[in-house]
Number of protein chains: 2
Amino acid sequence: MKSLSIKDIAVKANVSITTVSFIINGKAKEKSISEAVIEKVEKIIAESGYKPNQIARSLRTGNSNIIGLIIEDISNSFFSRIARLIEDKAYKRGYKIIYSSTENSVDKAKELINMFKSRKVDAYIISPIKGIEEDVKMLLEDGNPVIFFDRNLPDINTSYVGADHLNASYQSIQSFIDQGKKNIALVTTDINVEQIVERYDGYKKALEDNGIKYDENLVLKIHFNQEESETISQIKQLFEQKNIDAVLFATNYLAISGLKVLKQINKKIGDDFAVIAYDDHEAFELHTPGISTVQQPLEEIAENVIKIILKQLSSKTKLENQQVIIPAKLIIRD
Amino acid sequence: MKSLSIKDIAVKANVSITTVSFIINGKAKEKSISEAVIEKVEKIIAESGYKPNQIARSLRTGNSNIIGLIIEDISNSFFSRIARLIEDKAYKRGYKIIYSSTENSVDKAKELINMFKSRKVDAYIISPIKGIEEDVKMLLEDGNPVIFFDRNLPDINTSYVGADHLNASYQSIQSFIDQGKKNIALVTTDINVEQIVERYDGYKKALEDNGIKYDENLVLKIHFNQEESETISQIKQLFEQKNIDAVLFATNYLAISGLKVLKQINKKIGDDFAVIAYDDHEAFELHTPGISTVQQPLEEIAENVIKIILKQLSSKTKLENQQVIIPAKLIIRD
DNA sequence: CTGAAAGCGCTTACAG
DNA sequence: CTGAAAGCGCTTACAG
């Protein structure tokens with residue numbers, strides 16, 4: 001069964017499709033359509049359940065009311081929670097979200113940008129990775145609103161919203177040092193993205209500022225795409241072979257692997273072994289003892305992202321780029 | 001800057017847009033376009049970075065290569081993991097996913113169906129809720145492929161993939177009874193959806209089959225949309241006021257609230273208090289002691305959903321509906 | 001107060 | 001071996 005078109009409605013109402021279009025788009029008053037006609041047409045639309053074809057509308061107007069969201073992995077709770085918040089807020093303003101996960105692959109990220117481009121999305125919200133600079137530049141040159149979140153690409157001049165990773169990491173290490181810890185390890189990933197680098201920089205800086213020598217043997221860089229069993233064995237090695245009294249995990253999934261190791265080797269978290277995990281996770285509050293974490297302000301990030309992008313969308317001209325850095329919160333649990 | 005159209009390519013190559021279209025769509029051979037022309041056009045396309053406008057293509061062909069995914073809440077890890085798997089598999093076959101969360105609201109679910117309809121998605125993957133029967137029937141009457149997963153609507157005649165909730169719940173209770181438990185509680189939600197009802201039925205049936213009297217005071221139905229603090233106080237009341245030696249949580253987020261209660265009231269899981277949680281969660285493996293769970297086979301569910309929907313999509317005619325019920329797995333941890 | 005017509009960027013049946 | 005033209009369902013400048 002074919003669905004109704006504007007023409008069907010026009011025929012039924014005995015008016016032109018122009019008139020129907022004006023009424024659908026709320027321009028009836030402005031175009032001074034008579035009350036009688038408006039009522040008649042609206043009645044027919046309501047009765048028939050007619051919905052305008054958005055595809056045709058998009059082709060004609062050039063915008064789709066869709067915002068493309070490109071993230072690393074929707075099954076990571078940080079991203080799925082942000083996605084939910086963004087979707088929610090966008091929805092209320094009449095925008096839909098179409099999303100896809102890059103799985104940290106530059107090729108896939110580029111493909112996604114292309115496919116969003118060919119779908120004519122109105123704006124792009126991207127948690128970017130190195131290697132897509134040229135593609136993003138092209139989007140910006142074509143006048144598309146693009147906003148980065150979570151991570152930034154230093155070479156690209158566009159809006160960005162993210163947490164203050166360097167500071168959060170610095171404070172975590174400072175809190176270890178205040179507790180008297182001396183041998184502080186960092187378990188991080190080998191992805192070369194800004195927010196991971198910043199966490200590393202914060203670690204290093206806090207040590208140096210406190211006169212503790214940086215020891216590269218206490219830094220474990222886990223390969224991004226490897227099996228968890230491999231990760232676990234590397235962390236186990238670090239914990240068993242080095243003399244460590246505190247550890248900062250740079251991501252929540254690394255912390256989860258790390259906690260599994262502690263369970264396996266029966267090492268207790270307590271006075272002589274402290275742990276902080278970057279990015280909160282339900283498992284951490286529940287854990288005995290509770291795991292201290294760096295909480296990123298999800299709600300604020302989502303709020304700012306959508307606010308900036310909607311403002312850009314409703315403005316005819318290119319607005320100033322905005323850089324919003326939101327402090328992260330260190331939650332101490334025990 | 002306007003992006004290139006097929007016409008621009010045709011002009012540059014000095015051929016008609018018909019020819020360019022045939023080449024883009026791989027029909028060059030079939031339409032016996034000469035090798036020389038194919039090469040020339042392909043070169044120009046590659047150099048110019050031309051991408052066909054999918055909106056125009058959709059309007060013309062009537063399909064969008066987009067599959068709509070409607071779920072309860074993308075930030076729930078069950079759904080986000082399924083979404084990731086489905087997205088992945090669809091992507092490999094050239095389909096994109098556009099998703100949205102219903103937040104368990106019938107109105108929002110209906111709106112989403114309408115908006116997907118007006119966007120002309122090629123197929124619908126829905127984790128349905130009661131109250132959208134009429135809308136789904138209309139989709140089916142219009143010839144749209146629709147598949148349900150996780151939950152089913154008994155009145156609707158369409159394909160479905162889900163876990164065997166009744167059996168999983170039955171086996172959980174049976175395992176409690178085999179351990180000698182007598183006072184077994186069920187903490188569930190008040191959402192009236194099939195898979196929640198089945199978990200309840202499995203609970204009841206297992207008790208009856210074992211000659212244990214069903215006691216409604218041991219069943220706590222938590223209101224879906226309430227604050228977690230309220231949930232926690234209700235569970236606390238159940239645990240403190242009833243004499244319970246085992247509890248089955250019907251969803252993972254309820255189990256997480258329940259574990260928080262146990263931590264608060266300092267009740268230990270062990271020989272005289274057993275716990276099973278429905279739907280695994282990273283927190284459960286990590287918990288000390290490990291929490292036994294019912295694991296839904298995410299990969300298999302996603303695999304079947306996408307297989308059935310793609311088969312339907314590539315077939316000209318309406319295929320037989322398929323009902324795939326996949327056994328869930330009881331994982332005992334301690 | 002209302003309508004005829006062009007055009008968004010494609011695909012495809014038809015013609016040669 | 002290749003192209004002119006219709007048409008998908010809308011919006012909107014223009015005309016009356």
Side-chain angles (χ1 to χ4, degrees), chain A residues 1-42 45 48-66 115 117-122 142, chain B residues 1-42 45 48-66 115 117-122 142:
Chain A
M1 197 185 87
K2 262 181 70 351
S3 49
L4 295 167
S5 77
I6 194 170
K7 202 174 158 193
D8 299 317
I9 303 296
V11 168
K12 279 195 205 189
N14 223 341
V15 296
S16 75
I17 61 170
T18 305
T19 301
V20 177
S21 176
F22 286 154
I23 293 172
I24 291 170
N25 292 295
K27 297 192 178 165
K29 295 266 183 280
E30 178 186 329
K31 300 288 178 179
S32 35
I33 310 283
S34 70
E35 269 306 329
V37 171
I38 296 179
E39 261 179 44
K40 180 173 61 176
V41 171
E42 281 181 341
I45 289 176
S48 64
Y50 164 71
K51 302 278 174 219
N53 181 326
Q54 294 296 338
I55 303 265
R57 191 176 262 177
S58 289
L59 180 58
R60 184 51 230 246
T61 63
N63 43 45
S64 58
N65 280 313
I66 293 184
M115 99 91 192
K117 198 156 50 169
S118 66
R119 290 252 146 66
K120 306 290 171 195
V121 305
D122 292 350
D142 291 359
Chain B
M1 199 183 85
K2 262 180 72 353
S3 51
L4 295 166
S5 77
I6 193 170
K7 199 172 160 191
D8 299 318
I9 304 296
V11 169
K12 278 194 203 186
N14 221 344
V15 295
S16 75
I17 60 170
T18 305
T19 302
V20 177
S21 175
F22 286 153
I23 293 172
I24 291 169
N25 291 295
K27 297 192 179 166
K29 294 265 183 279
E30 178 187 327
K31 301 287 177 179
S32 36
I33 310 284
S34 70
E35 269 306 329
V37 171
I38 296 179
E39 263 179 43
K40 181 175 59 176
V41 172
E42 283 181 340
I45 289 176
S48 63
Y50 165 71
K51 303 279 175 217
N53 179 325
Q54 295 295 339
I55 302 265
R57 191 177 262 177
S58 289
L59 181 59
R60 184 52 229 243
T61 63
N63 44 45
S64 58
N65 281 313
I66 294 184
M115 99 94 191
K117 198 154 53 167
S118 67
R119 290 251 145 68
K120 306 290 170 197
V121 305
D122 292 350
D142 291 359

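All of these numbers come straight from a predicted model, not from anything done at the bench. Sequence lines set the chain letters: A, B, ... in the order given, protein chains first and strands last, and positions in each chain run from 1.
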side-chain N/O S16(B) vs dG3(D) OP1/OP2, d < 4.0 Å: yes
Atom pair distance, as rounded to whole Å: NZ in K7(A) and C1' in dG3(C): 14 Å
All side chain to side chain contact (heavy atoms under 4.5 Å, CB included) counterparts of E39(A), not counting sequence neighbours: E35(A)
Distance below 4.0 Å between T18(A) side-chain N/O and dA5(C) OP1 or OP2: no
Closest non-hydrogen atom pair between V121(A) and S64(A), with its separation: CA-OG, 3.4 Å
All side chain to side chain donor-acceptor pair (under 3.5 Å) counterparts of T61(A), not counting sequence neighbours: N63(A)
Length of the CD1-P vector between I33(B) and dT12(C), whole Å: 14 Å
Pairing pattern in dot-bracket form [Watson-Crick, G-U; both distances under 3.5 Å; | = partner strand] for DNA chain C: |||.||||||||.|||
Rounded interatomic separation in angstrom, taking CG from N14(A) and P from dT2(C): 12 Å
Residue pair I23(A) / K40(A), side-chain heavy-atom distance below 4.5 Å: no
Side-chain heavy-atom pair N65(B), R57(B) within 4.5 angstrom cut-off: no
Atom-to-atom span, NZ of K120(B) to P of dG9(D) - whole angstrom: 8 Å
Under the side chain to side chain donor-acceptor pair (under 3.5 Å) test, residues paired with S58(B) that sit two or more places apart: none
Which residue lies more 5' along DNA chain D, comparing I17(A) with V15(B) via nearest heavy atoms: V15(B)
By side chain to side chain donor-acceptor pair (under 3.5 Å) - contacts of S34(A) (at least two apart): none
Side-chain N,O (K27(B)) to OP1/OP2 (dT12(C)) below 4.0 Å: yes
Name every donor-acceptor pair, under 3.5 Å, that has one atom in a side chain of residues 10-17 of chain B and the other anywhere in the protein, sequence neighbours excluded.
from, atom 1, to, atom 2, distance (Å)
S16(B), OG, T18(B), N, 3.3
S16(B), OG, T19(B), N, 3.2
S16(B), OG, T19(B), OG1, 3.3

Test item: I24(A) and I6(A) side chains (from C-beta on) under 4.5 Å apart, heavy atoms: yes
Length of the line joining N65(A):CG and dC10(D):P, which is rounded to integer Å: 15 Å
Side chain to side chain donor-acceptor pair (under 3.5 Å) partners for N53(A), two or more places apart: none
Partner set under side chain to side chain contact (heavy atoms under 4.5 Å, CB included) for K51(A), not counting sequence neighbours: N114(B), S118(B)
Rounded distance (Å) that lies between atom P of dG3(C) and atom CD1 of I6(A): 12 Å
Neighbours of DNA chain D within residues 50-63 of chain A, by heavy-atom distance under 4.0 Å: Y50(A), P52(A), N53(A), A56(A), R57(A), R60(A), T61(A)
Proximity to DNA chain C (any heavy atom under 4.0 Å), residues of residues 19-26 of chain A only: T19(A)
